[in-house]
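Quick one: structure below, then a few questions.
As the structure lists them, so they are numbered: ligands from 1, and atoms in each ligand from 1. Keep in mind it's a predicted model, so treat the numbers as computed, not measured. If you read the sequence from its start, that first residue is 1, and numbering goes on from there.
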Amino acid sequence: MIKIQVPATSANLGSGFDALGLALTLYNRVWMEESDIIDITTKDDIVVPTDETNLIYWAAKRLYEECGKRLPGLKIIQENNIPMASGLGSSSACIVAGLLGANRLIGSPLNENDLINLAAEIEGHPDNTTPAISGGLVASAVEGGRVYSVSVPVSEKIRFAAFHPPFELKTEASRSVLPETYDRKDAVYNLSRSALMTASLFSGKTENLRVAVQDKIHQPYRLGLIQDGDTVFRLSYELGSLGTYISGAGPTIIALIESDSVKNFEQYALKNLESKGITGWKLSILDTDPSGASVSIA
Ligand code: HSE
């Protein structure tokens, strides 16, 4: 069997809607081998589709077809650590696992750029799939069906406090509340901040982050879909967040923090929420994953 490990990803980083994303130290793992039948199981109690609608299987089949091959069936074992419909790239992780696994099974005909292009085409935007493959902080743009991207490291000063609410939010629903068009001044507002975000995360210029997470494209419309989200934003700043944003399409909210704020977050964040009657949220402290998805022999 082969084993594929794919990191969670946090897209947008506030201002970089559909353009910026980074890989985090939280991983889904998938074991895969060719089979005559579709045989899909999980190592945990997460319920996943066990037929051809399973996203890992579907992506693997797509890669086989792309390479002119027929996929008879697959044995897949999933370990799902990235919460689903949470804004941490769980569907991208499945797509990437399916593509990378299938590519290895047929002798690696596609290179990393081909895989990045195919993953973004399947997902519809590149900001989760590209960092899931490359690791690091990734800026991506799509032109003529091709992803142009660069992955850079994030300053070691910066860590990620992820607040996970006790409910899901599907990307489709979260995209459906966004306007079709925007004012030029709002576009400039975001363009300037997303450029600032990339350079500040890379260089560790942490005093810029509170401005760089702001945006006028998606967060103002989505915050209302996240019950108690406004309280989590406020609380994170009280505990020393450098900048707080809705991760991807939500509902996870991420506070960028310095290492010396970790204790404060771990000690007080959930307690303070509970004291306000807000229960069921979880907190994880994560770092940037520098190298992205990997494939090995199990
Ligand atoms: N950029 C995407 C969005 C990420 O915000 O809708 C979630 O898939």
Side-chain angles (χ1 to χ4, degrees), residues 6-24 26 28 55-56 58-59 80 82-99 116-134 136-143 147-149 151 160 162-165 167-182 186-187 189-191 193-195 197-198 201 212-226 229 233 243-254 256 286 292-293:
V6 188
T9 45
S10 179
N12 302 333
L13 310 176
S15 51
F17 180 71
D18 279 1
L20 298 183
L22 50 78
L24 292 167
L26 171 69
N28 276 2
L55 197 48
I56 299 172
W58 190 90
N80 308 287
I82 307 171
M84 292 189 193
S86 70
L88 289 171
S90 64
S91 63
S92 287
C94 289
I95 292 168
V96 167
L99 293 179
I116 284 175
N117 293 339
L118 188 53
E121 185 200 319
I122 294 172
E123 178 73 340
H125 39 85
D127 47 336
N128 287 107
T129 47
T130 313
I133 294 173
S134 308
L137 161 66
V138 178
S140 318
V142 182
E143 181 73 47
V147 178
Y148 293 79
S149 68
S151 163
F160 300 81
F163 290 87
H164 313 277
F167 49 83
E168 297 184 345
L169 176 57
K170 295 237 185 288
T171 298
E172 219 178 23
S174 187
R175 288 180 88 85
S176 73
V177 299
L178 305 183
E180 284 296 324
T181 56
Y182 295 91
D186 290 345
Y189 186 96
N190 270 67
L191 282 171
R193 279 160 184 74
S194 68
M197 175 57 92
T198 317
L201 285 178
V213 288
Q214 306 297 329
D215 94 292
K216 305 240 180 189
I217 304 273
H218 71 113
Q219 294 180 105
Y221 305 98
R222 287 173 161 171
L223 190 56
L225 302 176
I226 305 172
F233 266 72
T244 302
Y245 65 92
I246 298 173
S247 182
T252 294
I253 292 171
I254 289 191
L256 303 169
L286 303 168

In plain terms, say whether D18 and R175 are close enough for a salt bridge, that is, a side-chain N and a carboxylate O under 4.0 Å apart.
->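 Answer for the salt bridge query: yes.
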
Residue pair R222 / L169, side-chain heavy-atom distance below 4.5 Å =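 No, their side chains stay 4.5 Å or more apart.
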
Would a distance-only check, ignoring hydrogens and angles, find a side-chain to backbone donor-acceptor pair under 3.5 Å from S140 to D127?
->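 No, S140 side chain to D127 backbone: no donor-acceptor pair under 3.5 Å.
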
Check whether any side-chain N or O of Q219 sits under 3.5 Å from a backbone N or O of V213 as a donor-acceptor pair, and report yes or no.
->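 Pair found, side chain donor or acceptor close to backbone of V213.
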
Nearest atoms (heavy-atom pairs only) where I133 meets A119 =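 Heavy-atom minimum between the residues: CD1-CB, 4.1 Å.
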
Does any N or O in the side chain of Q214 come within less than 3.5 Å of the main-chain N or O of R193, such that one atom is a donor and the other an acceptor?
->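 Such a contact is absent between Q214 side chain and R193 backbone.
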
Dump all N/O pairs between ligand 1 and the protein below 3.5 Å as a table: atom names plus distance, one pair per row.
residue, atom, partner, partner atom, Å
ligand 1, 1 (N), N12, OD1, 3.0
ligand 1, 1 (N), D18, OD1, 2.5
ligand 1, 1 (N), D127, OD2, 2.6
ligand 1, 5 (O), N12, ND2, 2.8
ligand 1, 5 (O), R222, NH1, 2.8
ligand 1, 5 (O), R222, NH2, 3.4
ligand 1, 6 (O), R175, NH1, 2.6
ligand 1, 6 (O), R222, NH2, 2.9
ligand 1, 8 (O), H125, NE2, 3.4

